[in-house]
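All remarks here apply to the structure that follows.
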Amino acid sequence: MQKQDLKIYNTLSRELEKFEPIHEGHVGMYVCGPTVYNNAHLGNCRTYISFDVIYRYLLHCGYKVRYVRNITDAGHLENDADEGEDKIGKKAKLEQLEPMEIVQRYTLDFHHVLELFNTIPPSIEPTATGHIIEQIEMTKTILENGFAYEKNGTIYFDVEKFSKQNNYTILSGRNLDELLNNTRELGGQEDKNGRLDFALWIKAKPESIMRWQSPWGDGFPGWHIECSAMSSKYLGNEFDIHGGGMDLIPTHHTNEVAQNIACHQKSPARFWIHTNMLTVNGQKMSKSLGNSFLPLELFSGNHKLLDKGYSPMTVRFFMLQAHYRSTLDFSNEALQAAEKGFVRLMNTMKLIDGLKTSEQTTSNVKLLTSNIYDAMNSDFNSPIVLAHLFEGVRMINAVHIGTEKISIEDKNSLSKLMNDFVFDILGLKEENAVNTDKIDGLMQMIFHIRNNAKTNKDFKTSDEIRDELKRLGFEIKDGKEGTSYTITN
RNA sequence: GGUAUCGUGGCCGAGUGGCUAGGCUCAGCUCUGCAAAAGCUGCUACAGCAGUUCGAAUCUGCUCGAUACCUCCA
């Protein structure tokens, strides 16, 4: 395995760093999950797909990985003034539902969508409401350590005090003074001592239904404390990887680091990995801009910006064609290109087992293998991995039509390489895999009839069969070795 | 306004100081009854200006443009 060569871009250092786990053979990874007050949109999915590939690769490298991804089901406010309404509570009121009904609905949706994208579920998926005690305990410790203060039943983190002894902006690289002196008007922060202070615990308004008892009265936890509490509970005070979307860096992750240091005197994670945004016409996909896509709209094509639907694996492939730290622009054209590329890759994968082997080999499988591992070890560079996988595609097709040769050893290693990367690591899968022995037998029978027609030069009949099958979703190819078919959408 | 990041061929997207990434599209060819698939060939780009260098898309500076964050967002 190549794990000793893995390099990861660390937001902390802004450089590629050699990855070595704290505990030999084990990796602890925490990824910020969704706030379940709405359907996950495609931009959200990109992040989880990126981390899915990272998770899969770490597993492939032989690490025992504990992958923790939370569900935020309380505490995430409408704005960061710590006076806003809890997102879930608000949605619950709007829809006249219990908060936990909202949580349940969108948690199920989230799981469903990620399953369609063929992501592997995390090892632990803790919820904020399931860890109220831990969050209260952590808040207490931060208070005891002198980095927080109480105002009318709300506990605020004292950023100014913290930053005297620590680098508060270590993740964002921002200039603290500039942040403090930022004159932008922000409402609703009368209770805070400093404009950067944020709430660890928030006093519940009388009408609020999201409330728990605490030493400071009824309230609910702040958004940032949950991740600190849950990551340290399940991964320890210091673990290997912490990830999330780039937009979490300046606030959520910055505050998380501060909380952990204020509580445990330790920065939580060695490596911070951040994924970039999905854009539409160059703009970040977000609900507020009204340019977001729901996965199901994309699959069905039921969206005003789409010509047609695209399958989950097409979308996954499309996303893997960009590096996780680059923005990726979303368009019909790009998706169509991805669809064709994906189908080509899948069709070629089916040829591997049947390749004829020879004494000699003209295929440099060793070079291909090291190229692919090098790309993956270089900060999980999936676009380069794909580029090399297509070199494998070319190789397989060339052997298939006989212009190149392959030895049995090379065939076996090529097969393992392609299967490992395409299916296990990139997490792609064959989508129309409904062809069973029965369908296969049926198709062979039809081919037999059609070949008879062809032999009799009755091309009208043979073309009719081909056209009709195509309409039904079976694409026919007349090769030298006989007729084959693929199932299309 | 402040702070960052980025600007690559028809489209999407990698990238190292010097040796045309890759996918899709397009044109031609091979194969085929015709298709499809596959293979081969062609299309050699790097915002602009200046500098460093034997040599820069890759380093430096400036200009222009875009985006992100500073306010909920993966």
Closest to the side chain of A/S462, out of B/C69, B/G33, B/G39, is B/G33

With sugar-phosphate meaning primed atoms plus P, OP1 and OP2, does A/I401 contact a base, only sugar-phosphate, or nothing at under 4.0 Å between heavy atoms?
sugar-phosphate

Can you find a side chain N or O atom of A/K284 that sits less than 4.0 Å from OP1 or OP2 on B/C69?
yes

With a non-hydrogen cut-off below 4.0 angstrom, is A/G244 in contact with a base, only sugar-phosphate, or nothing?
sugar-phosphate

Tell me what A/L278 touches on the nucleic acid: a base, only sugar-phosphate, or nothing, going by heavy atoms under 4.0 Å.
base

Base, sugar-phosphate, or nothing for A/A322, non-hydrogen atoms under 4.0 angstrom?
sugar-phosphate

Decide yes or no, distance alone: a donor-acceptor N/O pair under 3.5 angstrom between the base of B/A74 and the side-chain of A/R46.
no

Provide the Watson-Crick or G-U wobble partner of B/C34, both distances under 3.5 Å; none if there is no partner.
none

Taking the side chain of A/Q283 as its heavy atoms from C-beta onward, which of B/A38, B/G33, B/U67 lies nearest to it?
B/U67

Can you find a donor-acceptor N/O pair under 3.5 angstrom joining the side chain of A/R394 to the base of B/C40?
no

Once hydrogens and angles are ignored, does a donor-acceptor distance under 3.5 Å link the base of B/C69 to the side chain of A/R174?
yes

Partner nucleotide, any strand, of B/G22 [Watson-Crick/G-U, under 3.5 Å]:
B/C12

Does a salt bridge link A/E160 with A/K192, judged by any charged N lying under 4.0 Å from a carboxylate O?
no

Assign each of A/S326 and A/P34 the nucleotide of RNA chain B bearing its closest heavy atom; nearer the 5' end lies the nucleotide of A/S326

Within the structure shown, what part of the strands sits under 4.0 Å from A/T348 by heavy-atom distance: base, sugar-phosphate, or nothing?
nothing

Between B/A74, B/G33, B/C70, which one does the side chain of A/T251 approach most closely?
B/C70

Distance flag, aromatic centroids of A/Y373 and A/F421, threshold under 6.0 Å
yes

Determine the interatomic distance between P on B/U30 and the same-named atom on B/G13; round to the nearest Å.
36 Å

How are the rings of A/Y168 and A/F162 set to each other: parallel, tilted or perpendicular (split at 30° and 60°)?
perpendicular

Look through every strand shown and name the nucleotide pairing with B/A27 as Watson-Crick or G-U wobble, where both distances are under 3.5 Å.
B/U41

Once you apply a heavy-atom cut-off of 4.0 Å, does A/T403 come out as touching a base, just sugar-phosphate, or nothing?
nothing

Answer yes or no: does a side-chain N or O of A/N44 lie under 4.0 Å from OP1 or OP2 of B/A74?
yes

Would you classify A/D478 as touching base, sugar-phosphate or nothing, given that sugar-phosphate means primed atoms plus P, OP1 and OP2, and contacts are heavy atoms under 4.0 Å?
base

Establish whether the base of B/G33 is bridged to the side chain of A/D463 by a donor-acceptor pair shorter than 3.5 Å.
yes

Could you tabulate the donor-acceptor pairs under 3.5 Å formed by side-chain atoms of residues 113-122 of chain A, not counting sequence neighbours?
{"residue": "A/N118", "atom": "ND2", "partner": "A/G427", "partner atom": "O", "Å": "2.8"}
{"residue": "A/T119", "atom": "OG1", "partner": "A/L114", "partner atom": "O", "Å": "2.9"}

Check whether any side-chain N or O of A/R195 sits under 4.0 Å from OP1 or OP2 of B/U71, and answer yes or no.
yes

Given RNA chain B, 5'-ward residue of the pair A/K460 and A/M277, judged by closest heavy atom
A/K460

Of the nucleotides B/C69, B/A37, B/C34, which has the atom closest to the A/K477 side chain?
B/A37

Run the side chain to side chain contact (heavy atoms under 4.5 Å, CB included) test on A/Y48 and A/F110 for me, step by step, so that the C-alpha distance in whole Å, both residues' side-chain angles and the decisive distance to 0.1 Å come before the verdict.
CA-CA 11 Å; A/Y48 303 118; A/F110 178 67; 3.6 Å; yes

For B/A68, which nucleotide is its Watson-Crick or G-U wobble mate, given both distances must be under 3.5 Å?
B/U3

Verify the contact: side-chain N or O of A/N381 to OP1 or OP2 of B/A14, cut-off strictly under 4.0 Å; return yes or no.
no

For B/G51, the Watson-Crick or wobble partner whose two distances fall under 3.5 Å
B/C59

What does the list of N/O pairs under 3.5 Å between the protein and nucleotides 19-25 of chain B look like, with a distance for each?
{"residue": "B/C24", "atom": "OP1", "partner": "A/R344", "partner atom": "NH1", "Å": "3.4"}
{"residue": "B/U25", "atom": "OP1", "partner": "A/K340", "partner atom": "NZ", "Å": "2.8"}

Check this for me, if you would: do A/D52 and A/R56 make a salt bridge, where the nitrogen-to-carboxylate-oxygen distance has to be below 4.0 angstrom?
yes

Checking salt bridge (Lys or Arg N to Asp or Glu O under 4.0 Å) for the pair A/K308/A/E339: CA distance, chi angles, key distance, verdict?
CA-CA 11 Å; A/K308 51 168 281 197; A/E339 184 174 62; 2.6 Å; yes

Name the pairing partner of B/C46, where a pair is Watson-Crick or G-U wobble with both distances under 3.5 Å, or state none.
none

Ignoring hydrogens and angles, answer whether the base of B/C6 and the side-chain atoms of A/N276 contain a donor-acceptor pair closer than 3.5 Å.
no

Would you check if there is a donor-acceptor pair between the side chains of A/S363 and A/D410 at a distance under 3.5 Å?
no

Taking side-chain contact (heavy atoms from CB on, under 4.5 Å) as the criterion, tell me which of A/N291, A/L298, A/T279 meets it with A/F330.
A/L298

Checking all strands, does A/N347 fall into the base, sugar-phosphate, or nothing category for heavy-atom contacts under 4.0 angstrom?
nothing

